[in-house]
There are 2 protein chains.
Amino acid sequence: MPTSVSFDRLAHQPAYKVVSEKIRNAIVSGEIAAGDLLPTETDLAEQFGVTRSTVREAIRLLEHGGILGRAGRKRLVVTLPGMEAVGRSVSSAMLMHQVTYEELWQVAMGLEPLAGKLACLSATDEEKQLLADNLALTEQVMDNHDALLKVEIEFHNLVAEATHNNALLLARAPLNELFYPAWGAIIRALSPGERILVAHQHVYDAICAGDQDKAEEWMEKHMRDFRRGIEMGNLGFDQPVQG
Amino acid sequence: MPTSVSFDRLAHQPAYKVVSEKIRNAIVSGEIAAGDLLPTETDLAEQFGVTRSTVREAIRLLEHGGILGRAGRKRLVVTLPGMEAVGRSVSSAMLMHQVTYEELWQVAMGLEPLAGKLACLSATDEEKQLLADNLALTEQVMDNHDALLKVEIEFHNLVAEATHNNALLLARAPLNELFYPAWGAIIRALSPGERILVAHQHVYDAICAGDQDKAEEWMEKHMRDFRRGIEMGNLGFDQPVQG
DNA sequence: GCTGACATATTGTCGGACAATATGTCAATT
DNA sequence: AATTGACATATTGTCCGACAATATGTCAGC
């Protein structure tokens, strides 16, 4: 029964993808470092033996991931993908997957207490000072909903940064963007300024004291408050997150 | 002292970015659903009043994030960004940020036990069956390094999927890709087949019994083993992860 | 119903073009 | 010496038109 040989579907990758991969590899492998300038589009086109249009498409592919950016608005420069770029791309994926507040909250329950705990080990004096400043500011703006939301988010970012753990920062990047509207709604609905301040204060104390368990515990309490906030405010805990 | 007025730098966004944002909004806002076909490049060019080249660049921008893909290899189709796409983009960011195995492990310690815990609440019978199959397979291939690595990774994915939490799945997507080589090295160096099997077995039992604490605990033990593996194998726990 | 032939639509790639804007140089001015 | 202006140059953003390769659709013929 000579079913004849079976051939693999030959993968004819479009040129712009090949070019994009070549550049990407050179970057990820460290051959080109962050901050380096890339050759001009015309040069790249010549080097790869394709047209400028093709090179441009390849560049766009990388530009979105935050790997490439433009200095000023001219030359191409290799960039470290910032938290914002990663956050944006993952959170848009979460939006499309119709992630609910509950799901998001569960992930936050895994990451935020962890951040508090790790920050106890690695927060520098400057970072503790930044946290102290943030607390002072929180006290001042407690009744201003918008300002309160801003410092609340900032506090969590400061704690996360104090861990000096880039993997953690990248993993929680999308949370920032998505929790933003929810926190805002809670704050407007319940004015929980006092509770927020108390929780932050305890986390801050724990970090200064290097008390991992306490930091973890209070961060957890804080997040449970968030959950109660969504439930009490009737904001639809099982509803998909709104962009 | 008329230092003259200060003006905001006026942001002249390039057309391809504008077009890309327009399409992105239409997708994220649900105006176009996943699975829908987009108009052809020529049509889009006409609608936006730009050239096809510009439209193409805009498309590339979205293509990388996994938002757009090609059906067959022709028409553009709106796609749900899969775990792979998200994983790839975040993990390349982690690589560039020189994330160490320790940092990565800390994140995994936040997410994997959580996955075990949540899976207890939501695993369906089919999913339990898949886990059982995976265990059986693990037993068979315990001495085959490559095969063992594959089922090990698959086990964790199955547990994560059993949580039915898309946010969690997306958050841990990069871990998959980055742990892969490390697990492989550990397995080759230490042949920890027995320990892996025991831990998986306990997690599986806990999930079947709905015992959240036990699932969390054993997943944690399992991850601590992973850490010990890297340390014992002298694989450089504080070294940047290798792509 | 399957096959093949043919027209059509769509993408991938090319080449060339031009305006707007940065960058670099150098002389003139203060 | 530092600033300004004039000018050439380089680079990007956008446009146009073109063509080959490949899917898709249609229709006759067996």
Side-chain angles (χ1 to χ4, degrees), chain A residues 3-4 7-24 26-27 32 35-79, chain B residues 1-24 26-27 32 35-79:
Chain A
T3 356
S4 84
F7 291 103
D8 286 342
R9 162 171 215 84
L10 45 88
H12 172 48
Q13 290 282 54
Y16 67 87
K17 277 193 184 170
V18 179
V19 170
S20 150
E21 271 308 305
K22 290 246 183 201
I23 297 180
R24 196 187 116 98
I27 292 177
I32 325 179
D36 286 0
L37 289 173
L38 250 67
T40 64
E41 296 178 352
T42 321
D43 281 354
L44 287 173
E46 257 181 62
Q47 292 181 30
F48 285 113
V50 296
T51 353
R52 199 158 73 92
S53 321
T54 308
V55 170
R56 297 194 109 234
E57 295 189 30
I59 289 174
R60 297 300 161 252
L61 233 29
L62 300 174
E63 198 171 324
H64 184 259
I67 298 185
L68 285 183
R70 302 222 167 255
R73 63 174 154 251
K74 279 290 169 183
R75 286 293 282 282
L76 269 174
V77 72
V78 180
T79 321
Chain B
M1 207 184 303
T3 355
S4 82
V5 213
S6 88
F7 290 103
D8 287 342
R9 164 171 212 82
L10 43 87
H12 173 50
Q13 289 282 51
Y16 68 87
K17 277 192 184 168
V18 179
V19 170
S20 150
E21 271 308 304
K22 290 248 182 200
I23 297 180
R24 196 187 117 99
I27 292 177
I32 325 180
D36 286 359
L37 289 173
L38 249 68
T40 62
E41 295 178 352
T42 322
D43 281 353
L44 287 172
E46 257 181 62
Q47 292 181 30
F48 286 114
V50 296
T51 2
R52 202 156 73 89
S53 321
T54 308
V55 169
R56 296 192 110 237
E57 294 189 31
I59 289 174
R60 297 299 161 255
L61 231 31
L62 300 174
E63 199 171 325
H64 183 261
I67 299 185
L68 285 183
R70 303 229 165 248
R73 65 172 153 252
K74 280 291 168 182
R75 286 294 281 283
L76 268 176
V77 70
V78 180
T79 322

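So that the names make sense, note that chain A is the first sequence line, chain B the second, and so on, each numbered from 1.
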(message) Regarding T54(B), tell me which of base, sugar-phosphate or nothing describes its non-hydrogen contacts under 4.0 Å with the strands shown.
(response) sugar-phosphate
(message) Rounding to an integer number of Å, can you tell me how far R52(A) CZ sits from dT11(D) P?
(response) 11 Å
(request) Just do the side chain to side chain contact (heavy atoms under 4.5 Å, CB included) check on I23(B) and L61(B) with the steps written out, would you? (result) CA-CA 11 Å; I23(B) 297 180; L61(B) 231 31; over 6 Å; no
(request) Please state how far atom NZ in K17(A) lies from atom P in dT13(C), giving the value in whole angstrom units. (result) 10 Å
(request) Just compare dG15(C), dT12(D), dG12(C) and give me whichever is closest to any side-chain atom of P14(A). (result) dG12(C)
(message) Output the rounded distance in Å from CG (L44(A)) to P (dC14(C)).
(response) 14 Å
(message) Tell me the interatomic distance from L38(B), atom CG, to dA9(C), atom P, rounded to whole angstroms.
(response) 20 Å
(message) If the cut-off is 4.0 Å, is R60(B) near the phosphate of dT11(C), judged by side-chain N/O to OP1 or OP2?
(response) no
(request) Start with the C-alpha gap between V77(A) and L68(A), add the side-chain angles, then the distance that decides, and say whether side chain to side chain contact (heavy atoms under 4.5 Å, CB included) holds. (result) CA-CA 6 Å; V77(A) 72; L68(A) 285 183; over 6 Å; no
(message) Measuring to OP1 and OP2 of dG13(D), would you say a side-chain N or O of R56(A) lies under 4.0 angstrom away?
(response) yes
(request) Take atom CD of E41(B) and atom C1' of dC16(D), then tell me their distance rounded to the nearest Å. (result) 16 Å
(request) Rounded off to whole Å, could you give me the CG-to-C1' distance for the L37(B) and dT11(C) pair? (result) 14 Å
(request) Would you kindly give the CD-to-C1' distance between E57(A) and dT12(D), to the nearest whole Å? (result) 16 Å
(message) Do the side chains of R60(B) and E57(B) get close enough for a salt bridge, i.e. N-O under 4.0 angstrom?
(response) no
(message) Nearest to the side chain of T42(A), heavy atoms from C-beta on, is which of dT14(D), dC14(C), dT12(D)?
(response) dT12(D)
(message) For a side chain to side chain contact (heavy atoms under 4.5 Å, CB included) check, start with the C-alpha distance between L38(B) and I59(B), then their side-chain angles and the critical distance, and finish with the verdict.
(response) CA-CA 11 Å; L38(B) 249 68; I59(B) 289 174; 5.9 Å; no
(request) Let me know the distance between CZ of F48(A) and P of dT13(C), rounded to the nearest Å. (result) 14 Å
